[in-house]
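Numbers for residues simply follow the sequence, beginning at 1. Just follow the structure's listing: the first ligand is 1, and inside any ligand the first atom is 1.
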Amino acid sequence: MSLNVSKIVKKTEQLISTESSYVPLFFYPKNDIDQIKINQLLDDDSVVVHDEIRGQLSELIKCQNPSRKFSASDLENEISKKLGGDSIYEYGIWVYYPWSKKLIHILDKVEFIDVRTSRNQYKITLHEREILAQKKIGVIGLSVGQSVSVTLAMERVCGELRLADFDTLELTNLNRIRTGLQNLGLSKCISVAREISEIDPFITIKCFTQGLNEDNMDSFFLDGGKLDLLVEESDGLDIKILSRYKAKELKVPVIMEASDRCMLDIERFDLHPQRPVLHGLLDNLDIAKLKTLKTNEDKIPYMLDIVGIDTISTRAKASMMEIGETISTWPQLASAVTLGGGITADVSRRVLLNYYTGSGRFYIDVEDIIKNDNTNVNESNFVFKNNFNASIEEEIIDFIKSDAQIVSDKSIELDKKLITELVLDATKAPSGGNAQPWIWYHKGKKLYLLQDVLRSSPLLDYDRMASRVALGAAIENLILSAQNNNLNIKINYFPYQADKNLVASFEFFETNYSSSEIEKKFSSNLYSLINLRLTNRNIENRIEIPTEELAELANVANEIEGCELKIITDLNKINELGSIIAEVEKLRIMHDEGHKNFLDEIRWTPQENLKTKDGIDIETCDLTIAELTGFKMAKDKKVIQYLNQWKGGTAFEKLSKKSTAGASALGLITMPTYSKESVVDGGRAMEKVWIKANGLGIAFQPQSPATFLFARLIHGHGEGLDDNMLERLPMLRKKYKEIWNIENDNMGEIFLFRLFKGAKPVVNSLRRDINEVLIFV
Ligand SMILES: Cc1cc2nc3c(=O)[nH]c(=O)nc-3n(C[C@H](O)[C@H](O)[C@H](O)COP(=O)(O)O)c2cc1C
């Protein structure tokens with residue numbers, strides 16, 4: 001046997017279309033014509049009849065005589081009296097519901113309302129009930145709106161409801177909209193209208209099944225009398241705003257409940273028509289732009305402006321991060337929607353009765369009132385230390401004081417002005433997170449470079465690698481600046497055996513003085529390009545870089561002994577590496593300490609940036625509004641904890657993937673060994689390559705987390721890595737090694753970056769004032 005498919009289709013269509021009706025039909029049995037109609041319906045075998053009028057009459061009699069106790073026979077007597085000799089079947093009204101083909105016998109309007117609302121007294125008095133029965137409420141958006149509308153109807157907070165929603169019911173709605181499977185495909189408006197009319201057929205309902213739009217807005221607000229209240233629960237950003245402007249114009253109060261933390265907005269445009277819509281939260285928004293926002297990704301930032309990014313629940317925030325990754329849209333729960341329905345109906349009643357006259361935003365956050373006390377969060381036990389203690393600094397200064405006495409033959413003493421000029425050039429160097437991990441000391445004929453260990457992102461700065469790369473870059477700049485001032489320079493790495501913080505000491509000579517110890521690698525003559533060098537995080541389309549230019553970069557890297565610049569231009573390999581780089585970025589941000597370091601290094605506002613003159617100005621990150629919103633949500637540590645629990649967070653890979661997709665080449669600077677000196681030298685090579693690239697008009701962006709986390713994995717045997725990293729990094733590393741052709745884990749893998757062609761960033765990074773970093777001892 002097979003199913004009769006055409007019949008399934010036809011009957012479903014019939015059910016949905018014929019049943020676009022939502023108005024019940026009333027038949028009065030004492031009216032002759034209505035009697036004929038009732039009989040016709042009774043003759044139709046498909047009509048279901050439900051007659052519980054006797055029970056309703058008993059209840060009516062009890063309600064009208066609350067102090068009396070009725071026996072069964074008393075009640076029968078009273079019912080007979082009420083009927084006055086008529087048949088019970090002719091009492092009251094027969095209501096026919098065409099969509100369900102049900103004919104139901106009920107009391108007439110006044111008695112029906114009396115009985116149905118009798119339990120409201122005196123939470124709602126009869127007088128209040130009469131006032132409310134005159135009220136007209138418009139509801140836009142029927143998820144939370146469904147719950148609100150049905151509650152308003154049950155409580156009889158109004159006599160008329162205008163419902164607007166263009167959507168039809170889908171299975172995914174049934175986690176929060178209380179309706180039956182038989183209504184799938186049906187307009188949400190009609191479903192709600194029917195549900196209400198099955199509870200109380202005397203409430204007037206008007207459905208706007210096309211949803212609200214500019215064309216029907218007037219009709220929604222005004223036809224049949226002006227609305228007394230608008231309950232706005234729409235997902236459509238434009239309608240959210242436009243309906244408020246209309247409400248403001250017509251002086252109609254607005255209530256909105258966002259089913260997260262039960263956030264409730266009240267805007268009394270009836271009493272305070274000058275109020276800005278949405279409390280002024282979107283005052284800067286261009287209304288014309290609203291209509292151009294199509295995708296969730298477009299809309300979420302504005303939605304978040306409305307609900308407040310810092311005030312939405314952590315789960316909602318974390319879920320937003322997963323939209324388009326592991327879920328398709330934002331979550332809403334039945335509990336929240338039900339709660340929202342109740343709270344909104346309560347407040348609506350008090351607004352309509354003018355008992356509450358204020359406007360504002362309120363939270364009835366159940367989780368805040370009844371807090372979870374059993375949150376099992378796995379935090380890593382590893383403590384990231386920065387090896388700093390004040391006595392070491394004193395000890396180093398003591399060392400400097402004595403070491404400065406020991407000078408090379410022919411070294412010269414530079415004046416403070418020149419030293420300042422040299423150090424200013426040196427500090428133009430790049431540093432991870434723009435931490436500027438340097439302090440310069442000058443004493444006599446010697447200049448010293450100290451690593452400022454407090455300026456380090458401990459997770460990435462494994463074994464001080466990131467800091468030393470930056471210090472190497474600063475040394476390179478110092479050398480170039482000395483060269484520009486006709487000075488030769490002698491560098492002594494790690495002069496203080498007892499401590500690794502002191503990275504180098506420098507002595508200066510006239511250029512006509514030469515010895516084997518003098519730094520000779522001045523050949524690339526890059527000084528004039530120092531000021532051009534910068535980090536470019538722009539996202540661009542891929543354009544090929546001529547091989548000769550790439551060869552020039554490799555050549556400057558070779559100026560550092562043993563250094564090699566590996567370059568990959570093959571698109572497939574770039575993409576494969578892009579995925580690895582992106583996943584490592586994600587792992588970094590999802591790591592407890594990595595997340596903390598990430599927050600420490602971002603400067604969210606120009607003010608913050610100007611104040612610290614370090615860190616990464618968010619403006620330099622070429623983020624779309626949606627990406628920026630994502631970053632803002634990622635500020636919350638608890639969001640990260642949720643994403644970890646859900647094995648989510650892929651949104652953090654997106655930006656990095658986009659940037660490598662536009663890369664013309666990826667570069668990796670390597671040294672023959674992994675030692676503190678070769679890391680500093682690798683930093684010097686990086687600076688040379690970077691300056692050279694920028695000089696050739698090639699943009700440069702480091703992609704450093706992979707390098708530094710792999711170093712932690714290999715040289716640090718995974719110390720401080722969390723479980724996610726320990727699971728994923730070895731696999732990523734294996735692929736990474738294959739692509740780069742790395743055979744030996746003990747070589748110095750110093751620095752990974754992308755090269756591309758594209759526009760320059762508009763904002764430059766800042767540096768701390770020279771007097772904070774240069775000390776004359
Ligand atoms: C060791 C090191 C690691 C870096 N890592 C990254 C990185 O992973 N991503 C990035 O966009 N920039 C990275 N940078 C660039 C710095 O953020 C940048 O140099 C700093 O903000 C100063 O800006 P500037 O290079 O434009 O002068 C890194 C720089 C260094 C020296």
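Here the two rings, on Phe384 and Phe382, have centers that are under 6.0 Å apart.
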Do any nitrogen or oxygen atoms of ligand 1 lie under 3.5 Å from a protein nitrogen or oxygen, and which ones?
from     : atom 1 : to     : atom 2 : distance (Å)
ligand 1 : 5 (N)  : Ser704 : OG     : 2.7
ligand 1 : 8 (O)  : Ser704 : N      : 3.0
ligand 1 : 8 (O)  : Ser704 : OG     : 3.0
ligand 1 : 9 (N)  : Pro702 : O      : 3.2
ligand 1 : 11 (O) : Arg537 : NE     : 2.7
ligand 1 : 11 (O) : Gln701 : NE2    : 2.8
ligand 1 : 12 (N) : Arg537 : NH2    : 3.4
ligand 1 : 17 (O) : Arg537 : NH2    : 2.9
ligand 1 : 19 (O) : Ser431 : N      : 3.4
ligand 1 : 19 (O) : Thr535 : OG1    : 3.3
ligand 1 : 23 (O) : Ser765 : OG     : 3.0
ligand 1 : 25 (O) : Arg533 : NH1    : 2.9
ligand 1 : 25 (O) : Arg533 : NH2    : 3.3
ligand 1 : 25 (O) : Thr535 : N      : 3.4
ligand 1 : 25 (O) : Thr535 : OG1    : 2.5
ligand 1 : 26 (O) : Thr535 : N      : 2.9
ligand 1 : 27 (O) : Arg533 : NH2    : 2.7
ligand 1 : 27 (O) : Ser765 : OG     : 3.0
ligand 1 : 27 (O) : Arg767 : NH2    : 2.7

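In this structure, Tyr448 and Phe399 have perpendicular ring planes: the angle between them is above 60°, well past the 30° mark. Note on ring orientation: taking the six-membered ring where Trp is involved, the planes of Trp604 and Phe598 are perpendicular (angle over 60°, cut-offs 30° and 60°).
Between Lys654 and Glu325, at least one side-chain nitrogen of the basic residue sits less than 4.0 Å from a carboxylate oxygen of the acidic one, meeting the salt-bridge criterion. Here Arg455 pairs with Asp614 in a salt bridge; the nearest charged N to carboxylate O distance falls below 4.0 Å.
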Practice task
Starting from the C-alpha separation in whole Å, work towards a yes-or-no answer on ring-ring contact (aromatic ring centres under 6.0 Å, His included) for Tyr462 and Phe708.
Solution key: CA-CA 6 Å; Tyr462 167 71; Phe708 300 137; 9.5 Å; no
